[in-house]
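Have a look at the structure below before the remarks.
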Amino acid sequence: MRIATWNVNSVRARLPRILEFLERVRPDVVCLQETKCLDEVFPLEALEEAGWSAATSGQKTYNGVAILARGRIEDVVRGLDDGVEDPEARVISAQVGDVMVVNAYVVNGQQVGADRYHYKLGWMLRLRDFVARRASQGEKLVVCGDFNVTFDDRDVHDPLLWHEKILCSTPERQALSGLTGLGLKDAFRKFHEEGGHYTWWDFRTRGWQRKAGLRIDHMLVSPPVYEALTSCTIDLAARDGLQPSDHAPVVAEIQG
DNA sequence: ATGGTGGATTTTCCA
(Lines give C-alpha, C1' and ligand atoms only; values in the text may rest on other atoms or scores of the structure.)
Protein backbone atom coordinates (compact mmCIF):
# COMPACT_ATOMS: atom_id res chain seq x y z
CA MET A 1 0.00 0.00 0.00
CA ARG A 2 1.23 3.46 -0.92
CA ILE A 3 -0.05 6.11 1.47
CA ALA A 4 0.42 9.88 1.30
CA THR A 5 -0.29 12.88 3.52
CA TRP A 6 -0.54 16.43 2.16
CA ASN A 7 -1.65 19.80 3.50
CA VAL A 8 -3.16 21.18 0.28
CA ASN A 9 -4.11 24.68 1.56
CA SER A 10 -7.58 24.59 -0.09
CA VAL A 11 -8.75 21.47 -1.94
CA ARG A 12 -10.64 23.58 -4.48
CA ALA A 13 -7.75 25.93 -5.31
CA ARG A 14 -5.41 22.93 -5.46
CA LEU A 15 -7.59 20.50 -7.46
CA PRO A 16 -5.44 20.52 -10.64
CA ARG A 17 -2.27 19.93 -8.59
CA ILE A 18 -4.00 17.18 -6.58
CA LEU A 19 -5.17 15.36 -9.73
CA GLU A 20 -1.65 15.64 -11.18
CA PHE A 21 -0.17 14.21 -7.96
CA LEU A 22 -2.62 11.27 -7.86
CA GLU A 23 -1.89 10.41 -11.49
CA ARG A 24 1.88 10.73 -11.21
CA VAL A 25 2.51 9.17 -7.75
CA ARG A 26 -0.37 6.67 -7.85
CA PRO A 27 -0.96 6.29 -4.10
CA ASP A 28 -3.66 4.00 -2.70
CA VAL A 29 -4.60 6.27 0.21
CA VAL A 30 -4.19 10.05 0.56
CA CYS A 31 -4.80 12.11 3.69
CA LEU A 32 -5.53 15.77 2.96
CA GLN A 33 -5.45 18.68 5.41
CA GLU A 34 -6.66 22.27 5.13
CA THR A 35 -9.35 21.45 2.59
CA LYS A 36 -11.00 24.75 3.62
CA CYS A 37 -14.54 23.94 2.51
CA LEU A 38 -17.84 22.46 3.61
CA ASP A 39 -18.40 18.84 2.57
CA GLU A 40 -21.17 19.93 0.15
CA VAL A 41 -18.69 21.88 -2.00
CA PHE A 42 -15.80 19.37 -1.74
CA PRO A 43 -14.83 18.44 -5.36
CA LEU A 44 -16.05 14.87 -4.94
CA GLU A 45 -17.22 14.37 -8.54
CA ALA A 46 -13.85 15.25 -10.08
CA LEU A 47 -12.09 12.83 -7.72
CA GLU A 48 -14.64 10.05 -8.25
CA GLU A 49 -14.22 10.50 -12.00
CA ALA A 50 -10.50 9.85 -11.46
CA GLY A 51 -11.34 6.64 -9.57
CA TRP A 52 -11.24 7.80 -5.95
CA SER A 53 -13.51 7.43 -2.96
CA ALA A 54 -13.48 10.15 -0.31
CA ALA A 55 -14.47 10.61 3.31
CA THR A 56 -14.56 14.28 4.28
CA SER A 57 -14.88 16.44 7.36
CA GLY A 58 -14.92 20.07 6.38
CA GLN A 59 -16.02 23.50 7.51
CA LYS A 60 -16.27 26.88 5.87
CA THR A 61 -13.03 28.86 5.28
CA TYR A 62 -10.65 27.11 7.71
CA ASN A 63 -9.27 23.66 8.56
CA GLY A 64 -10.97 20.61 7.01
CA VAL A 65 -9.58 17.09 6.46
CA ALA A 66 -10.31 14.26 4.05
CA ILE A 67 -9.23 10.70 3.29
CA LEU A 68 -9.06 9.60 -0.36
CA ALA A 69 -8.72 5.94 -1.28
CA ARG A 70 -8.75 3.73 -4.35
CA GLY A 71 -10.61 1.14 -2.29
CA ARG A 72 -13.29 1.08 0.38
CA ILE A 73 -13.18 3.56 3.28
CA GLU A 74 -14.84 2.05 6.36
CA ASP A 75 -15.66 2.92 9.97
CA VAL A 76 -15.21 6.67 9.46
CA VAL A 77 -14.92 8.73 12.66
CA ARG A 78 -14.88 12.53 12.58
CA GLY A 79 -13.21 14.49 15.38
CA LEU A 80 -11.55 13.35 18.60
CA ASP A 81 -14.64 11.57 19.93
CA ASP A 82 -14.03 12.72 23.53
CA GLY A 83 -17.20 14.69 24.22
CA VAL A 84 -15.36 18.04 24.11
CA GLU A 85 -17.12 20.75 22.10
CA ASP A 86 -14.88 21.29 19.04
CA PRO A 87 -16.06 23.42 16.09
CA GLU A 88 -12.76 22.90 14.20
CA ALA A 89 -12.67 20.08 11.63
CA ARG A 90 -9.16 18.73 12.24
CA VAL A 91 -9.34 14.94 12.45
CA ILE A 92 -10.84 12.15 10.38
CA SER A 93 -10.12 8.45 10.89
CA ALA A 94 -11.05 5.34 8.97
CA GLN A 95 -10.18 1.75 8.21
CA VAL A 96 -8.72 1.33 4.71
CA GLY A 97 -7.92 -2.29 3.91
CA ASP A 98 -5.99 -3.67 6.88
CA VAL A 99 -4.71 -0.23 7.96
CA MET A 100 -6.35 2.06 10.52
CA VAL A 101 -5.71 5.61 9.31
CA VAL A 102 -5.84 8.70 11.54
CA ASN A 103 -5.55 11.96 9.58
CA ALA A 104 -4.85 15.06 11.70
CA TYR A 105 -4.41 18.78 11.11
CA VAL A 106 -2.82 19.96 14.35
CA VAL A 107 -3.50 23.51 15.58
CA ASN A 108 -0.79 25.95 14.36
CA GLY A 109 -0.50 27.87 17.63
CA GLN A 110 0.45 31.27 16.15
CA GLN A 111 3.32 32.01 18.56
CA VAL A 112 4.80 30.61 21.75
CA GLY A 113 2.76 31.79 24.72
CA ALA A 114 -0.31 32.85 22.71
CA ASP A 115 -3.77 31.61 23.67
CA ARG A 116 -3.74 29.44 20.53
CA TYR A 117 -0.37 28.00 21.61
CA HIS A 118 -1.79 26.74 24.90
CA TYR A 119 -4.85 25.50 23.04
CA LYS A 120 -2.50 23.63 20.67
CA LEU A 121 -0.72 21.83 23.53
CA GLY A 122 -4.05 20.77 25.07
CA TRP A 123 -5.38 19.68 21.69
CA MET A 124 -2.31 17.50 21.12
CA LEU A 125 -2.94 15.76 24.45
CA ARG A 126 -6.51 15.06 23.30
CA LEU A 127 -5.13 13.72 19.99
CA ARG A 128 -2.77 11.40 21.88
CA ASP A 129 -5.64 10.08 24.00
CA PHE A 130 -7.77 9.58 20.89
CA VAL A 131 -5.00 7.61 19.17
CA ALA A 132 -4.46 5.55 22.33
CA ARG A 133 -8.15 4.62 22.27
CA ARG A 134 -8.10 3.81 18.54
CA ALA A 135 -4.93 1.71 18.68
CA SER A 136 -5.19 -1.98 19.36
CA GLN A 137 -2.34 -4.41 19.99
CA GLY A 138 -0.61 -5.63 16.84
CA GLU A 139 -2.75 -3.46 14.58
CA LYS A 140 -1.53 -1.67 11.47
CA LEU A 141 -1.97 1.98 12.45
CA VAL A 142 -0.90 5.11 10.56
CA VAL A 143 -1.30 8.51 12.24
CA CYS A 144 -0.40 11.14 9.68
CA GLY A 145 -0.96 14.76 8.81
CA ASP A 146 0.25 18.28 9.40
CA PHE A 147 1.50 18.18 13.01
CA ASN A 148 2.79 21.77 12.92
CA VAL A 149 5.75 20.57 15.04
CA THR A 150 9.35 19.61 14.21
CA PHE A 151 10.80 16.55 15.98
CA ASP A 152 14.25 18.07 16.47
CA ASP A 153 16.66 20.58 14.92
CA ARG A 154 17.41 18.29 11.98
CA ASP A 155 13.92 19.27 10.79
CA VAL A 156 14.79 23.00 10.83
CA HIS A 157 16.74 24.87 8.12
CA ASP A 158 17.98 27.50 10.61
CA PRO A 159 17.84 26.12 14.18
CA LEU A 160 19.23 29.32 15.71
CA LEU A 161 16.54 31.47 14.07
CA TRP A 162 13.81 29.03 15.11
CA HIS A 163 15.14 28.23 18.61
CA GLU A 164 12.11 27.84 20.95
CA LYS A 165 9.91 29.51 18.33
CA ILE A 166 6.48 28.25 17.26
CA LEU A 167 6.65 24.82 15.53
CA CYS A 168 10.00 24.19 17.29
CA SER A 169 9.47 24.82 21.02
CA THR A 170 10.27 22.18 23.64
CA PRO A 171 6.67 21.85 24.93
CA GLU A 172 5.41 21.27 21.37
CA ARG A 173 8.10 18.64 20.76
CA GLN A 174 7.19 16.99 24.08
CA ALA A 175 3.55 16.91 23.00
CA LEU A 176 4.62 15.23 19.76
CA SER A 177 6.62 12.74 21.85
CA GLY A 178 3.32 11.85 23.51
CA LEU A 179 2.41 10.12 20.24
CA THR A 180 5.73 8.33 19.74
CA GLY A 181 5.35 7.34 23.41
CA LEU A 182 2.38 5.23 22.35
CA GLY A 183 4.84 3.09 20.37
CA LEU A 184 4.45 4.90 17.05
CA LYS A 185 7.55 5.72 15.02
CA ASP A 186 8.47 8.45 12.51
CA ALA A 187 8.32 6.63 9.15
CA PHE A 188 10.56 9.16 7.39
CA ARG A 189 13.45 8.69 9.84
CA LYS A 190 13.62 4.95 9.09
CA PHE A 191 15.23 5.88 5.76
CA HIS A 192 16.70 9.36 6.31
CA GLU A 193 18.78 9.97 9.46
CA GLU A 194 20.27 13.23 8.22
CA GLY A 195 18.72 16.70 8.46
CA GLY A 196 17.81 19.05 5.64
CA HIS A 197 14.56 17.39 4.56
CA TYR A 198 11.51 19.65 4.77
CA THR A 199 7.78 19.50 4.04
CA TRP A 200 6.76 23.16 4.48
CA TRP A 201 8.21 26.41 3.14
CA ASP A 202 6.68 29.75 4.13
CA PHE A 203 5.04 31.70 1.30
CA ARG A 204 5.67 34.97 3.12
CA THR A 205 9.45 34.73 3.24
CA ARG A 206 9.72 32.88 -0.10
CA GLY A 207 11.05 29.90 1.79
CA TRP A 208 10.91 27.53 -1.20
CA GLN A 209 13.11 29.79 -3.33
CA ARG A 210 15.54 30.14 -0.40
CA LYS A 211 15.43 26.38 0.31
CA ALA A 212 14.44 27.35 3.86
CA GLY A 213 11.83 24.97 5.22
CA LEU A 214 10.70 22.88 8.17
CA ARG A 215 9.67 19.23 8.43
CA ILE A 216 6.28 19.43 10.15
CA ASP A 217 4.22 16.89 8.18
CA HIS A 218 4.67 13.39 9.50
CA MET A 219 3.63 9.79 9.26
CA LEU A 220 3.69 7.99 12.62
CA VAL A 221 3.26 4.25 12.34
CA SER A 222 2.74 1.23 14.61
CA PRO A 223 5.44 -1.53 14.75
CA PRO A 224 3.78 -3.84 12.15
CA VAL A 225 3.70 -0.94 9.67
CA TYR A 226 7.21 0.23 10.54
CA GLU A 227 8.61 -3.24 9.82
CA ALA A 228 6.76 -3.35 6.48
CA LEU A 229 7.89 0.12 5.31
CA THR A 230 10.03 -0.02 2.17
CA SER A 231 10.32 3.72 1.55
CA CYS A 232 9.23 7.14 2.78
CA THR A 233 9.85 10.24 0.68
CA ILE A 234 8.85 13.88 0.34
CA ASP A 235 7.37 14.72 -3.07
CA LEU A 236 9.20 17.97 -3.80
CA ALA A 237 7.75 18.12 -7.33
CA ALA A 238 4.35 18.90 -5.80
CA ARG A 239 5.78 21.98 -4.06
CA ASP A 240 7.35 23.31 -7.27
CA GLY A 241 5.65 24.86 -10.30
CA LEU A 242 2.46 26.86 -10.63
CA GLN A 243 0.09 27.58 -7.73
CA PRO A 244 1.53 25.04 -5.28
CA SER A 245 0.47 24.51 -1.67
CA ASP A 246 3.01 25.70 0.90
CA HIS A 247 3.41 22.02 1.92
CA ALA A 248 4.81 19.02 0.02
CA PRO A 249 3.28 15.52 0.36
CA VAL A 250 4.96 12.75 2.36
CA VAL A 251 4.62 9.35 0.66
CA ALA A 252 5.24 5.95 2.30
CA GLU A 253 5.27 2.48 0.80
CA ILE A 254 4.03 -0.36 3.02
CA GLN A 255 4.81 -3.87 1.79
CA GLY A 256 1.93 -6.35 1.85
C1' DA B 1 9.28 44.47 16.25
C1' DT B 2 7.57 43.85 11.52
C1' DG B 3 6.53 42.26 7.03
C1' DG B 4 6.63 39.36 3.42
C1' DT B 5 2.55 35.76 0.18
C1' DG B 6 -1.56 33.06 -0.41
C1' DG B 7 -6.50 31.43 0.35
C1' DA B 8 -11.29 32.40 1.65
C1' DT B 9 -14.23 35.73 2.37
C1' DT B 10 -14.06 40.05 2.75
C1' DT B 11 -11.94 44.87 3.74
C1' DT B 12 -9.81 40.93 7.84
C1' DC B 13 -8.49 36.27 9.67
C1' DC B 14 -5.38 32.58 9.56
C1' DA B 15 -1.19 30.40 8.26
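Below, chains carry the letters A, B, ... as their sequence lines are ordered, and counting in each starts from 1. Because only heavy atoms are used, hydrogens play no part in the values below, and waters and symmetry mates are left out as well, while side chains stay in.
Across the protein-nucleic acid pair, A:Leu242 atom CG and B:dG6 atom P stand 12 Å apart, rounded to whole Å. Taking atom CG on A:Leu38 and atom P on B:dA8, their separation rounds to 13 Å, with Å as the unit. Rounding to whole angstrom units, CZ of residue A:Arg210 and C1' of B:dG3 are separated by 13 Å.
Looking at A:Ser53 and A:Arg72, their side chains never bring a donor and an acceptor atom within 3.5 Å of each other. No hydrogens or angles considered: a donor-acceptor pair under 3.5 Å links the side chains of A:Ser169 and A:Glu172. When only modelled atom types and interatomic distance are considered, A:Asn108 and A:Lys120 share no side-chain donor-acceptor pair under 3.5 Å.
Residues meeting the ring pair (Phe, Tyr, Trp, His ring centres under 6.0 Å) test with A:Tyr62, sequence neighbours left out: none. Scanning for side chain to side chain donor-acceptor pair (under 3.5 Å) contacts around A:Asp217 gives A:Thr199, A:His247, with sequence neighbours left out.
At B:dG6, none of the side-chain N or O atoms of A:Arg14 fall inside 4.0 Å of OP1 or OP2 (strictly under the cut-off).
Place A:Asn9 and A:Thr205 on DNA chain B by their nearest nucleotides, and A:Thr205 ends up nearer the 5' end.
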Under-3.5 Å N/O pairs linking protein and nucleotides 10-15 of chain B:
from: B:dC13; atom 1: O2; to: A:Tyr62; atom 2: OH; distance (Å): 3.4

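For the P atom pair drawn from B:dT2 and B:dG6, the interatomic distance equals 23 Å after rounding to whole Å. If you take atom C1' in B:dA15 and the same atom in B:dT9, they sit 15 Å apart, rounded to whole Å. The separation of B:dA1 from B:dT5, taken at their P atoms, amounts to 22 Å, rounded to a whole angstrom.
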| said: Before you tell me yes or no, could you show the steps for A:Thr170 and A:Glu164 under side-chain hydrogen bond (donor to acceptor under 3.5 Å, both in side chains), namely the whole-Å CA-CA distance, both residues' side-chain angles and the distance that decides it to 0.1 Å? | reply: CA-CA 7 Å; A:Thr170 302; A:Glu164 294 298 338; 2.5 Å; yes

